Amino acid sequence: MSEKILEVKNLKTSFYTHLGEVQAVRGISFSLNKGEVMGIVGESGSGKSVTSLSIMKLLQYPGEIKSGDIFFKGENIVNKKNKEMLNIRGNEIAMIFQDPMTSLNPVYTIGDQIMEVIIRHQGLSKKKAKEKAIDMLRLVGIPSPEERVSNYPYEFSGGMRQRAMAAIALSCEPDLLIADEPTTALDVTIQDQILKLMKDLKEKLDTSIILITHDLGVVADICTKIVVMYGGLVMEEGTSKDIFYNPKHPYTMGLLKSIPRLDLGEKKRLIPITGTPPDLIKPPMGCPFTARCPYAMKICSLHAPKYTKIDENHKAMCWLLHKQSPNMKMDTGVKRGVINE
Amino acid sequence: MGRFLIRRFISMLITIILVITFTFVLMHAIPGGPFTAEKKLPAAVEEALNERYHLNDPLWKQYVDYVLDVARFDLGPSFQYEGQTVNRLIEDGFPTSAKLGILSVLLTLCIGIPFGIISALKQNKWPDYTVMFLATLGVTIPNFVIATTLIYVFAVKLSVFPTFGIKNWQSFILPVLALSGYSLSFISRLTRSSMLEVLGQDYIRTVRAKGIPEYKVIFKHALRNAILPVVTYVGPLIAAILTGSFVVERIFALPGMGRHFVQSITNRDYTTIMGITIFYSAFLIIMILLVDLVYGIVDPRIKLDK
C-alpha cells in the first residue's frame with residue numbers, strides 16, 4: 001500500500017510570454033502512493049492545472065518545466081523524450097479534463113475515440129477494441145452501450161460525455177488517473193454521479209487518482225490526502241481529516257469558510273476571500289497570500305515561510321506556525337466541518 | 001438524403017429563374033440595344049434585324065420565350081457573332097477555361113492547404129513568416145500584375161515558357177500560376193487560421209493525452225475539423241475559376257470563356273449575357289450543393305435531412 005506511484009520534487013513550471021516569465025508553478029513537492037486518491041485544491045490561477053499538465057508533459061508552447069523532478073513508478077519522466085511519453089500517456093497516466101462539452105472530438109464517434117486509445121496501447125484488432133470500448137461504456141454506466149458506441153459526442157449529454165471521457169481514460173487501466181476539475185462544468189446531481197463513478201472505478205481497478213478542483217466539497221468525500229495550492233506553491237498538505245478539522249493555513253481556512261453548507265441556516269452569509277491572486281510574472285517575495293491574509297504580519301511580505309510539520313502527513317507553509325509568532329486566535333472555519341466517513 | 005436532394009433541386013430551379021428574371025430586366029433597362037452603333041444603321045436594316053431576333057415582340061413575350069428556350073437548354077443565337085449560338089460559344093470556350101481552372105484549383109488545394117498547415121504548426125517561426133509573407137503578397141497583388149511579371153521573367157527574360165496561346169503543356173504553367181495566385185494565398189491563410197483555432201481546442205489536448213502520435217493528432221483529428229471553412233470557400237472558388245478569368249485569358253491570349261463575360265456586355269449581346277450568366281449561376285449552385293454534401297460527410301453534426 002505504501003508503494004510510491006508518483007513523486008514530484010521541487011517542480012517549477014513557467015510560461016515564457018512576451019510580457020515576461022509567468023511562474024505558474026514555483027517549486028512544489030508531493031507524493032502519491034498506489035491506490036491513493038489525492039486532491040489538489042486551489043482557486044483559478046493557483047497552478048493546479050499546470051501541475052497536472054506538467055506531469056503529463058503536455059505543456060504547450062510557451063510553457064516549460066523549468067526545473068525539478070517527477071518520478072513516476074520510480075523513473076524520472078522530466079527528461080523523457082516525447083516518444084517515450086507517448087507510451088505513458090493514455091496508457092499508464094491518463095487524464096480527464098474539465099469541460100466534457102469540448103473535450104471530445106465532434107467529428108468522430110464515441111466508440112472511435114475510445115477504440116483509438118485501446119488500439120494505440122494494447123494493439124488489439126478493431127473488432128476486439130470495439131468490444132472493449134463497449135465494455136468500458138458499460139463500466140462507466142452508459143445505458144445500452146452497444147448502440148451508444150456509434151453515437152457522436154453531440155448525441156451525448158454533458159454527464160454522459162464525462163463518462164465517455166472516463167471510459168477513454170480508464171480503458172488501458174492506467175496506474176495514475178489525473179482528473180482536472182472533472183465535475184466543474186456539470187450540474188450537482190451529475191457531479192455526484194461522476195464522483196461516485198470515480199470512487200467505484202478506483203475500488204475496481206485500484207487506480208491512483210489525482211483530483212484537481214477548486215471546490216473543497218468535491219474532494220471531502222473521495223480523497224485520502226489533500227494538497228492546497230496557492231500562487232504556484234503548496235500552502236498546506238495533509239490528510240482530508242487534517243485539512244477539514246485542523247487546517248493550519250489561513251488560506252485553507254478561507255476556503256473552508258467559503259463552502260456553502262446545509263447545516264448553517266439560511267441567514268448565514270458565506271465569507272469570501274477578498275482580493276485577487278498574485279501576479280505570477282512578478283511573484284511576491286514573501287508568502288503569496290500575504291495581501292489577502294487577515295492575519296498577515298510584517299515578515300510575511302518579506303520572506304517566504306518554510307514548511308512547518310504538524311505531524312507525519314500534515315505540513316503547512318505559514319509564519320503563524322513559527323515558534324516565535326504571536327499566538328493568535330483564528331477563526332478556522334472548522335467546527336462546521338462535516339466529513340463523510 | 002433523397003428528400004434533401006429533391007428540395008434542393010426545386011430551390012435551385014427557383015434561383016435560376018430569379019437570376020434569369022433579374023438579368024433580363026436589368027439588361028433591357030439599360031438604354032441602347034445590340035444593334036446600336038456609332039454609325040446608325042438604316043432604319044430598314046435595323047427593323048429587319050430586330051424582326052429576325054424577335055426584338056420587336058413585347059418584352060413579356062421575349063421573356064417567356066427565352067425562359068422556355070432555356071428549359072430546353074437552348075441559350076439562343078449570339079447577336080454579335082454571326083451564325084454562332086451561345087451554346088456554341090460556351091462549348092468552344094469552356095474546355096480551355098476548365099482545363100486551366102482545374103489545374104489552378106488542384107494547385108491551390110495541393111499547395112495552399114499544406115502551406116497553411118505548416119504555417120500553423122510553426123506559428124511565429126520562420127516557415128510561418130515566409131508563408132504568410134508570400135500569402136499576403138498573393139492576396140494583395142492583382143492577378144494582372146502577377147501575370148505580366150511572370151511573362152516578363154519567365155517568357156521574355158528567361159524564355160522558358162511561351163508568352164501566349166496554348167501549344168503544349170508548358171503554356172499552361174504561367175496562366176495557371178497567375179490564376180491561382182489569389183486563391184492559393186487565400187486558402188493558405190484560411191487553413192492556417194482555422195488550424196490554429198482547432199489546435200487550441202480541448203479535444204486536441206484530449207487526443208494528445210491519449211498518447212496519440214503528433215502526425216495523427218494533426219491529420220486525423222485537427223485537419224478534419226479545420227477543413228470545413230476551406231470547403232466552404234472551395235465550392236464557389238471552383239465555379240469562379242473554371243468559368244474563366246477575363247484578365248488572365250486576355251493577357252495570355254487564351255481562347256477561354258472569360259472574355260465573353262465582359263465583351264458580351266459592351267456589345268449588348270443580350271443572349272450571350274444571359275447565357276453566360278445562367279451558365280455561371282447554374283455551375284455555382286451545383287458547387288454549393290456539392291459543398292453541402294461534403295459538409296455532411298466531414299462533419300456528422302450537419303444533418304442534411306432535417
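Heavy-atom basis, side chains included; hydrogens, waters and symmetry copies ignored. Because the structure is predicted, anything quoted here is derived from the model rather than measured.
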Taking only residues two or more places apart in sequence or in another chain, which ones pass salt bridge (charged side-chain N to carboxylate O under 4.0 Å, His left out) with A:D215? none
Charged N to carboxylate O under 4.0 angstrom, [X] versus [Y]?
| X | Y | value |
| --- | --- | --- |
| A:D135 | A:K132 | no |
| A:E146 | A:R138 | yes |
| A:E43 | A:K48 | no |

Classify the ring geometry of B:Y233 against B:F186: parallel below 30°, tilted from 30° to 60°, perpendicular beyond 60°. tilted
Residues at least two apart in sequence or cross-chain that pass side chain to side chain donor-acceptor pair (under 3.5 Å) with B:D128, listed by chain then number, are B:S119, B:R192
[X], part contacting chain B, at a heavy-atom distance under 4.5 Å:
| X | answer |
| --- | --- |
| A:L58 | side chain |
| A:M101 | neither |
| A:L53 | side chain |

Interface residues of residues 280-300 of chain B facing chain A - non-hydrogen atoms under 4.5 Å apart: B:V298, B:D299, B:P300
With chain B, which of [options] has the greatest number of heavy-atom pairs at distances under 4.5 Å?
| options | value |
| --- | --- |
| A:N105, A:T102, A:T109 | A:N105 |
| A:Q98, A:M85, A:Q113 | A:Q113 |
| A:M56, A:E116, A:M95 | A:E116 |
| A:S103, A:A94, A:C172, A:P174 | A:S103 |

Could you list the donor-acceptor pairs under 3.5 angstrom formed between side-chain atoms of residues 129-142 of chain B and any protein atom two or more places apart in sequence or on another chain?
from: B:T130; atom 1: OG1; to: B:W126; atom 2: O; distance (Å): 2.6
from: B:T136; atom 1: OG1; to: B:M132; atom 2: O; distance (Å): 2.6
from: B:T136; atom 1: OG1; to: B:R189; atom 2: NH1; distance (Å): 2.9
from: B:T140; atom 1: OG1; to: B:T136; atom 2: O; distance (Å): 2.7
from: B:T140; atom 1: OG1; to: B:L137; atom 2: O; distance (Å): 3.2

Take atom OH in A:Y16; do more than 12 heavy atoms of anything else shown fall under 6.0 Å from it? yes
When you check the side-chain N and O atoms of A:Q60 and B:R205, is any donor under 3.5 Å from an acceptor? no
